[in-house]
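Remarks on the structure that follows.
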Protein chains: 2
Amino acid sequence: MRLSTSGFNPQPHEGEKRVLNSELWHACAGPLVSLPPVGSRVVYFPQGHSEQVAASTNKEVDAHIPNYPSLHPQLICQLHNVTMHADVETDEVYAQMTLQPLNAQEQKDPYLPAELGVPSRQPTNYFCKTLTASDTSTHGGFSVPRRAAEKVFPPLDYTQQPPAQELMARDLHDNEWKFRHIFRGQPKRHLLTTGWSVFVSAKRLVAGDSVLFIWNDKNQLLLGIRRANRPQTVMPSSVLSSDSMHLGLLAAAAHAAATNSRFTIFYNPRASPSEFVIPLAKYVKAVYHTRVSVGMRFRMLFETEESSVRRYMGTITGICDLDPTRWANSHWRSVKVGWDESTAGERQPRVSLWEIEPLTTFPMYPSPFPLRLKRPWPPGLPSFHGIKNF
Amino acid sequence: MRLSTSGFNPQPHEGEKRVLNSELWHACAGPLVSLPPVGSRVVYFPQGHSEQVAASTNKEVDAHIPNYPSLHPQLICQLHNVTMHADVETDEVYAQMTLQPLNAQEQKDPYLPAELGVPSRQPTNYFCKTLTASDTSTHGGFSVPRRAAEKVFPPLDYTQQPPAQELMARDLHDNEWKFRHIFRGQPKRHLLTTGWSVFVSAKRLVAGDSVLFIWNDKNQLLLGIRRANRPQTVMPSSVLSSDSMHLGLLAAAAHAAATNSRFTIFYNPRASPSEFVIPLAKYVKAVYHTRVSVGMRFRMLFETEESSVRRYMGTITGICDLDPTRWANSHWRSVKVGWDESTAGERQPRVSLWEIEPLTTFPMYPSPFPLRLKRPWPPGLPSFHGIKNF
DNA sequence: ATGTAGGCGCTACGCCGACAA
DNA sequence: TTGTCGGCGTAGCGCCTACAT
């Protein structure tokens with residue numbers, strides 16, 4: 001297994017991909033993104049994966065793609081491998097996961113007492129700033145928000161005039177970037193000068209993109225970027241048609257499910273509308289141990305521009321299949337919702353049960369007789385009598 | 001149909017991809033690349049397509065990808081659509097084709113008297129130069145080979161001192177590039193000065209890459225690039241695993257063949273080892289109307305660095321399936337060859353029949369009783385009794 | 001607290017012929 | 001014929017402060 005929570009790999013083997021710094025990866029991926037631990041059981045939604053491919057290829061699923069009637073809308077899998085990657089050209093982060101569908105017997109087995117591995121988490125000491133026109137112009141350097149600089153950067157010697165130091169930061173590819181950090185001007189401010197423009201042009205940053213600096217517990221400075229959501233960089237892969245990609249994704253899942261063999265998927269957290277590999281426990285709890293109904297109010301977390309999270313509230317307006325013909329009886333984004341704020345026009349009109357936090361006055365769980373959704377028990381799901389962990 | 005042989009599309013619709021200049025596209029693709037005309041019948045080799053995907057993803061076909069026993073190694077198709085594309089970031093050229101497998105009855109139908117459309121061809125008045133270190137450095141401009149400049153560029157007024165003019169050229173995306181063209185120095189030479197470095201940095205050209213200038217019959221100057229074959233830019237798609245891509249390509253072809261429905265493929269001439277969509281007539285002539293045997297000598301065309309063609313000679317050393325288990329009875333690269341020149345170490349050890357030109361002293365065709373290869377008539381191929389056109 | 005602009009020193013971009021391969 | 005270099009003038013990069021928000 002290659003999931004790493006321990007910083008840099010000093011000597012990557014020839015031809016082998018480096019193990020990325022997982023703190024930095026998570027920071028670039030966003031505060032709401034989590035990767036299930038290796039060895040745990042997860043639910044995989046081909047439909048959600050299909051949405052990601054559609055988003056990447058900027059093309060809807062075509063109607064003439066054949067159905068895979070034997071492919072269930074959700075597959076219970078063991079997560080064998082998780083590796084974090086970053087595009088060499090764009091620094092776009094994505095994850096590669098190896099999944100193995102479990103057969104009926106395996107699904108009945110109780111969970112391991114403690115699931116292997118611990119998912120790596122967001123770093124605590126970091127800041128994220130959206131670049132201004134001045135930050136990206138050739139006219140000057142980078143203006144560091146004061147609190148951010150004092151929290152994240154090594155302290156300056158304020159007895160010197162002006163206080164200054166050289167910062168060294170590493171990006172996802174373990175490249176070193178050096179910046180002159182100076183505290184000057186009237187009023188005083190933190191600036192990155194020498195070295196900054198090289199970084200901007202090398203990463204091809206423009207106003208609106210974001211940079212983030214992390215100060216980790218090993219006193220290393222890490223440096224990541226997040227590009228603004230530009231209008232869909234239409235990038236026909238020039239390798240495979242989007243139809244063939246859809247087919248490939250479905251065929252891979254169907255073949256793996258039929259033979260209980262491993263298959264590999266990619267998950268791009270910033271391109272994908274929602275996570276489509278969910279911890280099994282989270283899924284079961286949301287679907288079978290939470291009572292929801294039309295009219296119920298809920299909260300849901302969203303990421304803000306400053307890389308923090310915010311709660312939005314809304315009301316459930318309906319519960320039904322997103323795609324009744326192709327993906328019948330799926331819980332994938334089966335909840336239709338209305339959002340409280342008028343500024344919520346951008347927010348999705350459909351969510352999945354495990355993404356929301358229903359507001360209720362009575363205890364939700366443990367419940368000996370949970371009020372289930374009125375939908376048939378999906379085939380391929382285990383009976384959960386022996387399940388622990390929630 | 002969108003195949004264009006008529007220059008620029010002045011007003012591309014919103015959201016619709018522009019029709020690229022086909023002269024320029026062909027020049028960038030290389031002198032040996034041809035696209036069959038729309039409406040014609042072609043043979044599609046999933047195996048060859050698979051090689052292209054393997055090359056793009058830099059990964060061999062994995063053994064655990066399921067076989068598609070019902071998928072023939074070659075599909076006879078009608079070519080419904082051909083569009084030329086160029087990657088917005090890299091200018092890499094590729095073609096998109098819509099193919100429709102023909103059923104047994106359709107394959108028996110005689111050819112149309114004259115097949116629709118005429119394939120666009122290489123431009124005649126152009127030059128291609130591999131960039132030197134001086135060409136790409138920031139120290140100076142671009143040194144234009146003398147004959148090339150005099151043949152391709154508009155004539156200078158040599159009465160002026162020094163003779164100079166402004167050149168305007170358009171690339172595949174219809175972007176304008178302006179260069180100062182001057183004839184100076186001792187000895188005199190043609191140079192591109194002002195404007196050149198902007199082009200080099202915008203296209204990210206390095207020494208070893210090539211540029212090509214075309215002077216077309218509408219007195220327009222066109223400008224293309226060809227990047228050097230760098231050591232495989234490992235570019236994991238971050239969308240789909242290479243296994244799923246392989247599966248998708250096979251599933252798309254199999255589904256289309258089973259339902260006689262259209263499917264779409266991409267062909268990247270500079271990444272693909274060989275063309276895998278071949279005119280049916282060319283295929284039939286090579287496979288069924290040409291006698292080849294072990295020990296026979298042949299010629300084959302290759303592209304040179306200067307974008308011209310050269311013949312290499314060799315000897316047939318064997319005829320057998322490239323992949324007997326997965327693609328039995330396929331003519332795809334079924335000929336094992338040895339090359340005459342010792343410098344031919346880079347040349348492929350296997351070729352397809354339609355790529356080579358056997359050297360023989362007796363007339364090859366028309367032949368009432370052609371000496372066929374000793375291999376069974378592949379299923380799914382028509383009988384060719386009524387075939388004209390060769 | 002921080003975005004933008006004016007001022008201006010100096011680097012390196014880029015135009016030139018010399019020279020050699 | 002054409003690749004590379006030394007020479008130089010100058011555009012614009014980038015460091016500074018002032019000022020506005």
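First the proteins, then the strands, lettered A, B, ... as listed; each starts at 1. Just so we're clear, the structure is a prediction, and the values are computed from it rather than from any experiment.
For A:Asp135, the listed nucleotide lying nearest its side chain is C:dG3; candidates were D:dC16, C:dT2, C:dG3. In this structure, the nucleotide among C:dC16, D:dC15, D:dT2 sitting nearest to the side chain of B:Arg146 is D:dT2. Side-chain proximity of A:Lys129 to the nucleotides C:dC15, C:dG14, C:dG3 is greatest for C:dG3. Taking every side-chain heavy atom of A:Thr138 into account, D:dG14 is the closest of D:dG3, D:dG14, C:dT4.
Ring-centre distance between B:His190 and B:Phe153: not below the 6.0 Å cut-off.
Looking at A:Glu355 and A:Arg299, no side-chain N of the basic residue comes within less than 4.0 Å of a carboxylate O on the acidic one, giving no salt bridge. We find that A:Glu89 and A:Arg204 are joined by a salt bridge, their nearest charged nitrogen and carboxylate oxygen being less than 4.0 Å apart. Under a 4.0 Å N-O distance rule, the pair A:Asp135/A:Lys129 qualifies as a salt bridge.
Scanning atom types as modelled, one donor and one acceptor separated by under 3.5 angstrom connect the side chain of B:Arg189 and the base of D:dG3. Contact annotation: side chain of A:His139 to base of C:dG6, donor-acceptor pair present below 3.5 Å.
Regarding contacts with the backbone of D:dT4, a side-chain N or O of B:Thr132 is found under 4.0 angstrom from either OP1 or OP2.
Residue order along DNA chain C, read from the 5' end via each residue's closest nucleotide, puts A:Thr130 first among A:Thr130 and B:Val198. Ranked by how close their nearest DNA chain D nucleotide is to the 5' end, A:Ser137 and A:Pro187 are led by A:Ser137.
Nucleic acid contact for A:Ser143: sugar-phosphate only, since backbone atoms but no base atoms lie under 4.0 Å from a heavy atom of the residue.
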